[in-house]
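Index from 1, following the sequence.
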Amino acid sequence: MKNKERKFHYAWLILVVASIVLGVFVPIVNSLSNSWQIAVTQDLGFTRTDFSLIGTITQIIGVFLAPLVAYFLTKYNFKTVWTLGAFVFAASVFGYSLAQNKYHFYILAFFVGTAYITTAQIPMMMLINNWFEDKVGLATSIAVSGVSAGGAILSPIISRLIANYGWRTSYRVYGIIILAIGLIAGLFIIYLRPEDIGMKPYGFKEDEKLEGQDIKKVQKSYNSLNVALSTSAAITTTFFIFLVLGSVMNGLANGATLQFAPAFQEVVGVKTAGTVISLYLVLGVIGKLIIGKIADKYGIYYALILGSGSLALTFVAMLFVGQPWGPWLVAIIFGLGLAIGTVIPPLIASSIFDRKTYGEAYGFVQSGMQVGAALGPLLVSFIYDRTGAYTLGWIINIGFATLTGIFWILSHNSAKKYANTSEK
């Protein structure tokens with residue numbers, strides 16, 4: 001009764017913090033990372049491919065650390081590990097402002113990648129799954145919507161800082177913001193489990209049993225196959241291979257979207273490009289909530305078709321970015337396409353695996369996405385440097401976006417034979 005009578009549950013504060021953390025920590029590595037590309041390369045005299053390698057290094061670090069980070073965050077003191085990671089993150093981003101050549105960026109990218117994977121999606125999804133027993137899907141959608149909201153707020157700020165004060169100042173400001181959030185959240189707010197402060201998860205039902213229609217409602221809303229295979233047992237199965245392949249394709253396509261910023265800047269200038277990016281990030285908040293709602297109500301297949309289809313159409317629209325209406329069309333379509341890179345990965349993992357094996361499985365999903373994200377922007381920038389245009393890069397990524405949905409649908413369908421079982 002106490003949980004029912006309580007008007008405010010600490011889980012909602014955890015959700016707010018998770019949204020803010022994702023809204024600030026993720027854009028610097030993903031959607032906003034190439035906002036600095038033109039200014040830095042023109043000032044220091046190296047190519048766009050060289051600059052894209054910064055993001056590649058950052059993503060490659062995650063490939064190796066993603067399967068391990070959940071283990072370390074749970075084995076050792078979560079608050080200490082996370083806060084230290086946030087401090088390293090802030091210091092490394094601030095360090096970008098002191099770089100004198102591309103090699104300085106590459107060295108710092110190693111630390112940014114390590115800190116990013118330790119502080120962003122994996123630990124925040126761990127918090128959501130630990131603190132919410134009810135409304136997990138809603139909480140996940142809200143948390144990852146913070147990525148779009150944060151990017152939308154920060155994009156024009158960063159663009160104006162670069163235009164008015166230079167790229168070095170903008171990196172310093174961003175580093176200070178990360179530090180402030182990291183210290184406040186890490187030292188005073190976040191706890192890995194509600195039991196750490198004598199609480200139960202939101203929606204926890206003590207001495208109550210679900211019966212009849214209640215059970216059906218829970219099963220329908222959660223929509224999980226409840227596969228309880230460990231990753232060591234699942235890793236050779238067809239469904240797991242499709243799951244990882246879809247993750248790589250997703251990473252490639254979403255990594256390629258990091259080149260949208262310089263593509264927009266060439267066509268409409270830095271300030272207008274920042275406005276366009278802000279628009280699709282704002283629309284992305286709505287798009288993520290829509291995708292989450294569709295997944296809950298109609299199932300993961302409908303969410304995958306809409307998400308991957310929207311992302312594929314985004315790259316089709318990028319072929320017309322030179323038209324006056326081109327960037328704005330991209331912003332509208334990409335509002336839905338953004339969800340495939342943030343909301344759907346944890347949802348596809350949770351739609352297959354049960355809660356006990358979810359964390360380990362999601363680590364591999366994240367790792368697969370990091371592989372693709374490391375190569376995606378590098379491929380597109382390489383094509384630009386060789387051909388002087390992004391056209392071929394956008395066409396290739398239409399295929400990557402489509403394959404994401406296909407592989408993940410095949411994964412879920414192949415996993416049905418392992419539903420509710422822990423034996424291979």
Apply the test ring pair (Phe, Tyr, Trp, His ring centres under 6.0 Å) to residues Phe334 and Phe260: give CA-CA distance (whole Å), side-chain angles for both, the deciding distance (0.1 Å), then the verdict. CA-CA 11 Å; Phe334 195 34; Phe260 285 0; 5.4 Å; yes

Stepwise side chain to side chain contact (heavy atoms under 4.5 Å, CB included) test for Tyr202 and Ile14: CA-CA 11 Å; Tyr202 177 83; Ile14 293 292; over 6 Å; no

Determine, stepwise, if the pair Phe240 / Ile352 fulfils side chain to side chain contact (heavy atoms under 4.5 Å, CB included). CA-CA 10 Å; Phe240 196 85; Ile352 295 175; over 6 Å; no

Report the C-alpha distance between Trp82 and Asn77 in whole Å, list the side-chain angles of each, state the deciding distance to 0.1 Å, and finish with yes or no for side chain to side chain contact (heavy atoms under 4.5 Å, CB included). CA-CA 9 Å; Trp82 190 88; Asn77 186 283; over 6 Å; no

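Inter-residue side-chain proximity for Gln259 and Trp394 is flagged as met; some heavy-atom pair is nearer than 4.5 Å. Side-chain atoms of Thr314 and Asn397, non-hydrogen and from C-beta on, never get closer than 4.5 Å to each other. In this structure, Ile38 and Phe51 have side chains that are not in contact, with every pair of non-hydrogen atoms separated by 4.5 Å or more.
Exactly one of Thr58, Ile54, Ile61 qualifies for a side-chain contact (heavy atoms from CB on, under 4.5 Å) with Val112. That residue is Thr58. Considering Phe364, Trp408, Phe407 in turn, Trp408 is the only one that fulfils the side-chain contact (heavy atoms from CB on, under 4.5 Å) rule with Leu243.
Checked against the 6.0 Å centroid criterion, the rings of Tyr174 and Tyr96 do not qualify as a close aromatic pair.
Listed by chain and residue number, nothing satisfies the salt bridge (charged side-chain N to carboxylate O under 4.0 Å, His left out) test with Arg168 (two or more places apart in sequence, or in another chain). With sequence neighbours excluded, the residues that form a ring pair (Phe, Tyr, Trp, His ring centres under 6.0 Å) with Phe239 are Phe353, Tyr418. Residues that satisfy the salt bridge (charged side-chain N to carboxylate O under 4.0 Å, His left out) test with Lys102, not counting sequence neighbours, are Asp50. Not a single ring pair (Phe, Tyr, Trp, His ring centres under 6.0 Å) links Tyr116 to another residue, sequence neighbours left out. For the ring pair (Phe, Tyr, Trp, His ring centres under 6.0 Å) test, no residue two or more places apart in sequence or in another chain qualifies with Tyr302.
Aromatic ring pairs are classed by plane angle as parallel below 30°, tilted from 30° to 60° and perpendicular above 60°; the pair Tyr76 and Phe72 is parallel. Between Tyr171 and Trp167, the ring planes are perpendicular. Angles over 60° get that label, and only those under 30° would be called parallel.
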Ignoring hydrogens and angles, write down the donor-acceptor pairs under 3.5 Å from the side chains of residues 187-196, residues two or more places apart or on other chains.
residue : atom : partner : partner atom : Å
Asp196  : OD2  : Arg193  : N            : 3.2

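Between the side chain of Thr237 and the main chain of Ala233, no donor-acceptor pair closer than 3.5 Å is present.
Using modelled atom types, one finds a donor on one side chain and an acceptor on the other under 3.5 Å when comparing Arg172 with Ser97.
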